[in-house]
Amino acid sequence: IPTRFLGRKDHFEATAGDKYTVFINPSVTEVLCTTTAEALAMGKFAVIPAHPSNSFFAEFPNCLPYASDVEFAAALGWALGHDPEPLSEELARAFTWEAATERFVVSAAVTVRQERARARARAGRGNMDE
């Protein structure tokens, strides 16, 4: 794919006039995926690997995941030939600190069943001891 890199660009410059509409992040090791979130929040296409670390972004219409070189080329070609969809209020909310905190609380919750299992483990008992 013929590509010309223009160097580092400030976010404001990158959004001025919507000159840049495609973000590519080939990483499968970026734990927080902050740059992908920023690109999607700015209304850009995000071409990213189909990988568990990127699963959160799959709900966004401008997320274009790929699983192979051929799919990458197809996703990039499609993005370059189309305009990104405007981000709905509902999807934009997913990028707020409030929504991130809500997701954290839900993921950190411990069920009653999990707590009972932990209590048994602390007491040195397993399920078979009941």
Side-chain angles (χ1 to χ4, degrees):
I1 299 173
T3 306
R4 185 175 64 122
F5 290 94
L6 304 176
R8 185 186 68 77
K9 296 289 179 191
D10 182 86
H11 283 90
F12 177 76
E13 293 173 17
T15 59
D18 293 324
K19 185 175 175 182
Y20 304 99
T21 60
V22 181
F23 172 76
I24 301 170
N25 185 359
S27 178
V28 293
T29 60
E30 184 181 358
V31 177
L32 297 176
C33 304
T34 305
T35 53
T36 300
E38 289 175 347
L40 289 167
M42 292 167 41
K44 311 296 183 189
F45 283 117
V47 181
I48 59 174
H51 185 268
S53 66
N54 291 323
S55 62
F56 168 74
F57 303 115
E59 70 181 284
F60 298 92
N62 293 333
C63 178
L64 304 174
Y66 63 89
S68 68
D69 294 349
V70 171
E71 288 182 14
F72 169 79
L76 181 57
W78 193 89
L80 291 173
H82 294 83
D83 291 326
E85 287 187 32
L87 200 57
S88 70
E89 285 187 36
E90 179 184 341
L91 289 176
R93 185 185 181 285
F95 292 117
T96 65
W97 282 110
E98 180 181 19
T101 301
E102 290 168 1
R103 287 190 301 275
F104 174 73
V105 168
V106 168
S107 69
V110 176
T111 66
V112 171
R113 184 178 189 173
Q114 290 169 325
E115 181 51 34
R116 286 181 183 151
R118 288 179 184 178
R120 282 192 300 274
R122 285 190 300 269
R125 300 185 338 229
N127 287 336
M128 302 302 287
D129 296 328
E130 294 181 356

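Residues: numbered from 1 along the sequence shown. Any value given below was found using the heavy atoms of this structure, including those in side chains, with hydrogens, waters and symmetry copies removed.
The distance from the OG1 atom of Thr21 to the CE atom of Met42 is 11.0 Å, given to the nearest 0.5 Å. Distance CZ/Phe45 to CD/Glu85: 7.5 Å, rounded to 0.5 Å. Taking CG of Asn62 as the start and NE2 of His82 as the end, the distance is 12.0 Å to the nearest 0.5 Å. The structure places CZ of Arg103 at 11.0 Å from CD of Glu98, a figure rounded to the nearest 0.5 Å.
In the hydrophobic cluster analysis, where Ile, Leu, Val, Met, Phe, Trp and Tyr join through side-chain heavy atoms closer than 4.5 angstrom, Val28 is grouped apart from Tyr66. Under the 4.5 Å side-chain contact rule for hydrophobic residues, Phe23 and Tyr20 do not share a cluster.
Gln114 and Ala109 make their closest contact through OE1-O, 3.9 Å (heavy atoms, listed as atom of the first residue, atom of the second, distance). Closest approach of Ala46 to Thr36, counting heavy atoms only: CB-CG2, 4.1 Å. In plain terms, the two heavy atoms of Ala99 and Arg93 that are nearest each other are CB-O, 3.1 Å. Taking both residues in full, the closest heavy atoms of Ser27 and Pro49 are given as O-CG, 3.7 Å, listed atom of the first, atom of the second, then distance. Between Val47 and Ala75 the shortest heavy-atom distance is CG1-CB, 4.1 Å. The heavy-atom pair separating Gly43 from Pro84 by the smallest distance is O-CB, 3.1 Å.
With sequence neighbours excluded, the residues forming a side-chain contact (heavy atoms from CB on, under 4.5 Å) with Ala73 are Ile1, listed by chain and number. Residues that satisfy the side chain to side chain donor-acceptor pair (under 3.5 Å) test with Glu89, not counting sequence neighbours, are absent from this structure.
In Glu115, the CD atom is crowded: over 12 heavy atoms of neighbouring residues, nucleotides or ligands sit closer than 6.0 Å.
Counting Ile, Leu, Val, Met, Phe, Trp and Tyr side chains that sit under 4.5 Å apart, directly or through other members, Ile48 shares a hydrophobic cluster with Leu40, Phe56, Phe57, Phe60, Leu87, Leu91, Phe95.
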